[in-house]
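Sequential numbering from 1 along the given sequence is applied to the chain's residues. Every value quoted in this text rests on a predicted model; they were computed, and no experiment measured them.
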Amino acid sequence: MTVYIVGGQHRDNIKLAISGTYGTGKSTTTEALSIATGIPRTHALTSRELLVDLAPGKTVMELNSIELLQLGLRRFEERVHNESIDGSFISDGSVVHEWVYGTARMAVGINPGAGFALRAIKTVAGIGRKKPLHEYTDIVGDIVKARAKNLYDAYVHLPVEFPMRADGHRPVSEPFRNLSDDSLLAVVRELGLPYEVIGGSVAERVTKIIDIFDLDTVMPVEEAIAESKRRVAEATKILEEDDRFKAAQRKKSLWKKLSYAMRY
């Protein structure tokens with residue numbers, strides 16, 4: 001029988017959440033760790049994957065506040081469903097992630113990756129409309145933190161260590177990324193669960209996590225990393241070849257851009 005070490009205690013199974021904001025290598029690290037150890041990986045569909053049905057023709061940077069709430073709830077639903085399994089799992093992110101991203105958007109602007117003009121218009125459009133959103137996000141925060149505290153055994157937080165790759169897909173700015181990184185770590189500490197902050201290359205991270213939690217391996221780490229990168233690249237390619245995804249990436253008319261911007 002496999003036994004894991006969590007917070008100095010031995011356990012028969014482990015529910016491990018890998019925390020980290022955009023561009024920290026969270027998905028590659030989680031996938032590689034899952035492949036190397038044979039522990040199932042859980043995750044929510046990405047925003048880009050969900051938007052082809054949730055808001056056809058739009059990118060994340062073009063969403064209004066209600067659509068962003070829908071997106072966050074949809075990803076929360078995905079996590080609740082996928083993490084409701086018996087036994088061990090490694091979670092790519094956690095149930096608090098979408099809530100933290102929402103609070104960060106409230107602080108720096110709901111479309112942080114958009115251009116200056118769009119962000120300025122959104123700021124004006126949001127006058128008098130933010131209080132109900134703040135109240136709503138506070139309620140959601142209580143719910144997701146309570147679930148995280150009762151669900152996960154431990155967290156591993158991956159810090160921001162390098163600039164985000166400008167691939168045109170991530171709907172964030174560096175101020176947003178740094179704020180959400182700080183907020184995620186603060187929430188992890190608030191939960192009172194065992195946690196580790198682990199940096200370095202993907203190989204260094206995976207090796208450290210395996211050592212800290214005494215995880216058995218079924219594949220060498222380097223082979224697992226190579227396979228994880230192949231899977232991530234394949235999933236990205238499939239999405240980018242979807243006609244609905246391509247439609248959202250097409251250049252919008254000035255009128256359509258303005259209509260999106262005026263809806264907070």
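K229 is listed as a side-chain neighbour of T28, based on a closest heavy-atom distance under 4.5 Å. A heavy-atom distance below 4.5 Å is found between the side chains of I143 and I139. Residues V156 and K208 form no side-chain contact, since every pair of their non-hydrogen atoms from C-beta on lies 4.5 Å or further apart. A 4.5 Å side-chain heavy-atom check between S27 and H43 finds every atom pair outside the cut-off. Counting heavy atoms from C-beta outward, E31 and D92 have side chains that stay 4.5 Å or more apart. Residues Y22 and Y101 meet the side-chain proximity criterion, which asks for heavy atoms closer than 4.5 Å.
Closest approach of T37 and L33 over heavy atoms only: OG1-O, 2.7 Å. Contact between A154 and F213 at its shortest, heavy atoms only, is CB-CE2, 3.8 Å. When all heavy atoms of G93 and A17 are compared, the pair lying nearest together is O-CB, 3.9 Å. Residues T21 and S180 approach most closely at OG1-OG, 2.7 Å, considering heavy atoms.
Here L158 contributes atom CG and E196 contributes atom CD; the two are 12.0 Å apart, rounded to the nearest 0.5 Å. Here CZ of R231 is found 7.0 Å from OG of S34. Values are rounded to the nearest 0.5 Å. In this structure, Y155 OH and S91 OG are separated by 7.5 Å, a value rounded to the nearest 0.5 Å. We find the CG-CG distance between L151 and L191 to be 11.0 Å, quoted to the nearest 0.5 Å. Expressed to the nearest 0.5 Å, how far CZ of R41 lies from CD1 of I39 amounts to 14.0 Å. The CG atom of D86 sits 9.0 Å away from atom CG of N13, with the distance rounded to the nearest 0.5 Å.
Counting only distance, with no hydrogens or angles, the side chain of E227 and the backbone of A224 share no donor-acceptor pair below 3.5 Å. A distance-only check finds no donor-acceptor pair linking the side chain of R147 to the backbone of V96 [under 3.5 Å]. At distances below 3.5 Å, at least one donor-acceptor pair connects side-chain atoms of K15 with backbone N or O atoms of G87. With hydrogens and angles disregarded, no donor-acceptor distance shorter than 3.5 Å links the side chain of T217 to the backbone of M219.
Remark: R74 engages E77 in a salt bridge, criterion side-chain N to carboxylate O under 4.0 Å. Between R75 and E78 there is no salt bridge, since no side-chain nitrogen of the basic residue lies less than 4.0 Å from a carboxylate oxygen of the acidic one.
The one candidate from I35, T42, L16, I90 that meets the side-chain contact (heavy atoms from CB on, under 4.5 Å) condition with T30 is I90.
Side-chain contact annotation: Y152 with S94, donor-acceptor N/O pair under 3.5 Å absent.
Under the 4.5 Å side-chain heavy-atom criterion for Ile, Leu, Val, Met, Phe, Trp and Tyr, V95 and L69 are members of the same hydrophobic cluster. If you chain together hydrophobic residues whose side chains sit under 4.5 Å apart, I212 and I225 fall into the same group.
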In residues 197-207, what donor-acceptor pairs under 3.5 Å come from side-chain atoms, sequence neighbours left out?
{"from": "S201", "atom 1": "OG", "to": "E204", "atom 2": "N", "distance (Å)": "3.2"}
{"from": "S201", "atom 1": "OG", "to": "E204", "atom 2": "OE1", "distance (Å)": "3.4"}
{"from": "E204", "atom 1": "OE1", "to": "S201", "atom 2": "N", "distance (Å)": "2.8"}
{"from": "R205", "atom 1": "NE", "to": "G200", "atom 2": "O", "distance (Å)": "3.2"}
{"from": "R205", "atom 1": "NH1", "to": "T24", "atom 2": "O", "distance (Å)": "2.6"}
{"from": "R205", "atom 1": "NH1", "to": "T29", "atom 2": "OG1", "distance (Å)": "3.4"}
{"from": "R205", "atom 1": "NH2", "to": "T24", "atom 2": "O", "distance (Å)": "3.1"}
{"from": "R205", "atom 1": "NH2", "to": "E161", "atom 2": "OE1", "distance (Å)": "3.2"}
{"from": "T207", "atom 1": "OG1", "to": "A203", "atom 2": "O", "distance (Å)": "2.8"}

Listed pairs under 3.5 Å, donor-acceptor, residues 181-189 side chains, sequence neighbours left out:
{"from": "D181", "atom 1": "OD1", "to": "H157", "atom 2": "NE2", "distance (Å)": "2.9"}
{"from": "S183", "atom 1": "OG", "to": "L179", "atom 2": "O", "distance (Å)": "2.9"}
{"from": "R189", "atom 1": "NE", "to": "Y195", "atom 2": "OH", "distance (Å)": "3.0"}

